[in-house]
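First comes the structure, then the notes that go with it.
Computed over heavy atoms, backbone and side chain alike; hydrogens, waters and symmetry mates excluded.
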Protein chains: 2
Amino acid sequence: MTTPRTPTILDVAREAGVSRQTVTRALNDMADIAPATRERVVAAAQLLGYRPNRAAQSLVKGSGTTIGLLVESLRNPYYAELASELSRAAAARGWGLILCDVGYGTDRDARLSPLLRRVDALVGCLPAGATADVGVPFVSIDNPDETVGDATVWIDHEAGVRAALAHLVATGRRSIAMIDSGPEPSTRCLAYRAFLAEAGLPWSEQSEVRVEESHDGGIAAAAQLLGRGIALDAVLAFNDVLAIGAMKEMARAGKRVPEDVAVVGMDGLDVGALVTPELTTAATDRGVIAAAALDLVDALLTGDRPRASRERDTGGPHGAAAPGAEAGGRPRRTVEPYLVARGSA
Amino acid sequence: MTTPRTPTILDVAREAGVSRQTVTRALNDMADIAPATRERVVAAAQLLGYRPNRAAQSLVKGSGTTIGLLVESLRNPYYAELASELSRAAAARGWGLILCDVGYGTDRDARLSPLLRRVDALVGCLPAGATADVGVPFVSIDNPDETVGDATVWIDHEAGVRAALAHLVATGRRSIAMIDSGPEPSTRCLAYRAFLAEAGLPWSEQSEVRVEESHDGGIAAAAQLLGRGIALDAVLAFNDVLAIGAMKEMARAGKRVPEDVAVVGMDGLDVGALVTPELTTAATDRGVIAAAALDLVDALLTGDRPRASRERDTGGPHGAAAPGAEAGGRPRRTVEPYLVARGSA
DNA sequence: TTGAAAGCGATACCAG
DNA sequence: CTGGTATCGCTTTCAA
């Protein structure tokens, strides 16, 4: 009974009959060590099941940057694609990315707390109510509430809506409905109204449906719109998931897409290409979003606080990353949607 | 010029005119501290932009468990759903989950190395070639190569295939093709052959297609099958993504699903419910997979090495987690697929 | 080629 | 209520 607890480098040293520095040399493939010694040390480490303590290593070497990603759910393909890009972008910088699928439940705090103790900054969407100061720099992505976060990746949905509607008009549609999400008219919805007004296209309260942001919501929305008996030759949806739900319901109801009704979504998700017909959409490049988000994190981390004195990130240089900040306010980067025309409109 | 580097607790102590222990008390909301003192310390910390060093905290408190998740790509909905469940399961135990989207590229090692320095164990699918000893306990999930990893979550695809084929036969199908993936016949494919043989159903080399594991692969597969001019009233696909691709191509080719050809996938992805008709599939519960994987990690971490002596995980007890190990070999947990019958078959 | 000593930054246990 | 002191486990000089 010599080592009832987790073996440390000292245990290995003792076992191998060397000093702890020699153990470090052996285990980290450093130079200036006799092969025989190295072998002996490696064997001892193996025997004891030694594994270096990460915290101790980090303490002395600099821990490198680790950020947390907050998403509602990775089952939502929008977040999955975003997470994919962020993971790659983070890896490219040598950063770690801790995933937190906060879910739609009420136990957000429980999900969050284990995260906060582990990250240098947070990226993503913070729960509506939780304007709470999380304690670490927070970069919000496409948050409807502009006041949230220390920096923001802003998506110009107005531009996206205009591109989508311009496409519909150009292809001869005039009675364009909108499937919106959330209790209040969204930015996208307001842009939709503005566009119709400018273009002299018909609008009434009947032109809009407001549903939950999900596939089922899309189904419900289409059912409502079709049931209203209004003129309808095109639908703009708040996002692709809703659009796909709407298409599904239209198919069920015997409406042909795009012959009878054109459908346009927003996001540009992969899944839009899996359905038949393929979805026309105002896409945003999530690679760009991810890069922008990490640039903002970087700015927050290096600028805000004089941090990272001894950190040795492995990812090589990434430039000063023009913060794209606004003079007095919170740093912000803008991303522009672009139209991807496919079969549905 | 007093503090050109990152401020430490000592700087705060000096600034506030107290000892460092008092700073700790103030900043961690501990008892036994005068409100006035606390305020002064908090103000000092604020002023200096102090943020505690995580590594140092971890060193003394015990770092808690952090595991890494390896996936080919989160844009593959299978991995996205798996990651979602693993994230939740990890959070429930108070563990951190670092995401690594290794991608299909060749720079896997570059993607991996930043990860390995941060995790206690790895979960997921390791690149085919990289049987490399990653240096940390590794739990492989549904890996076709059984020799990979220190423990395995095993999915009984044979049972899934039988369930799927039994359903097809029960609904009157007799000419059943298979869309397989990978260079060699998969386990699923072998089970398919065996089932056909047992059931006395026709089979020929023409009954099988082997394609890349992607939506486009599914499209190509269906095109090939339809082009062969063989009898065909049902198709079993290696997974849902392939199945959806196949359905898409069939629709394009004017084949009705399921009237002309029934289609069955495997996995039970959400996306299977978005397409029309909805996909019938041999589903696996990814919540179960995630739980099994974390149980195995736990077993590896606590059993294999006498680790985690002082770790204070926040997630409460999770039982000894019956390892479900095999006597002499690597621990293994098995998950059974079950049939979800929907519109496509 | 190897060993001794000095931190890294924070918490915890005891005194006062 | 507040302050000393001893770790925590490892890497990094600097000598030998």
Can you sort out the partners of A:Glu85 under salt bridge (Lys or Arg N to Asp or Glu O under 4.0 Å), two or more places apart, ordered by chain and number? B:Arg75
If the cut-off is 4.0 Å, is B:Thr37 near the phosphate of D:dC1, judged by side-chain N/O to OP1 or OP2? no
Nearest whole Å is fine: how far is C:dC13 C1' from B:Lys61 NZ? 15 Å
By side-chain contact (heavy atoms from CB on, under 4.5 Å), B:Ala291 pairs with (sequence neighbours left out) none
Regarding B:Thr65 and B:Asp120, do their side chains bring together a donor and an acceptor under 3.5 Å, going by distance alone? no
Apply side chain to side chain contact (heavy atoms under 4.5 Å, CB included) to residues B:Leu122 and B:Leu116 and explain how you reach the verdict. CA-CA 8 Å; B:Leu122 236 37; B:Leu116 295 180; 3.6 Å; yes
For B:Leu59 and C:dA12, what is the distance between atoms CG and C1' respectively, to the nearest whole Å? 13 Å
My understanding is that only residues two or more places apart in sequence, or in another chain, count here; which of them pass side-chain contact (heavy atoms from CB on, under 4.5 Å) with A:Thr37? A:Val18, A:Thr22, A:Ile33, A:Ala34, A:Arg40, A:Val41
Which residues within residues 15-32 of chain B lie with some heavy atom under 4.0 Å of an atom in DNA chain C? B:Arg20, B:Gln21, B:Thr24, B:Asn28
Residues at least two apart in sequence or cross-chain that pass side-chain contact (heavy atoms from CB on, under 4.5 Å) with A:Ala151, listed by chain then number, are A:Val139, A:Leu296, A:Leu300, A:Pro331
How long is the line joining CG of B:Leu10 and C1' of D:dT5, in whole Å? 14 Å
Excluding sequence neighbours, so at least two apart, what forms salt bridge (Lys or Arg N to Asp or Glu O under 4.0 Å) with B:Glu39? none
Who passes side-chain hydrogen bond (donor to acceptor under 3.5 Å, both in side chains) against A:Thr66, sequence neighbours left out? B:Arg118
In this structure, how many angstroms lie between the C1' atom of D:dT11 and the CG atom of A:Asn53, rounded? 13 Å
Estimated bend of the helix from C:dT1-D:dA16 to C:dG16-D:dC1 (axis per five terminal pairs, rounded to 10 degrees): 30°
Whole Å only: how far is the CZ atom of A:Arg54 from the C1' atom of D:dC8? 15 Å
Residues forming a side-chain contact (heavy atoms from CB on, under 4.5 Å) with A:Ala83, sequence neighbours excluded: A:Leu69, A:Leu74, B:Leu74, B:Leu99
Measure the distance from CG on B:Asp11 to C1' on C:dG9 and round it to the nearest whole Å. 11 Å
Grab the CZ-C1' distance between A:Arg40 and C:dG3 for me, whole Å please. 14 Å
If you assign B:Pro35 and A:Ala55 each to the DNA chain D nucleotide with the nearest heavy atom, which residue ends up on the more 5' nucleotide? B:Pro35
Counting only side-chain nitrogens and oxygens, does A:Gln57 get under 4.0 Å of the OP1 or OP2 atom of D:dG9? no
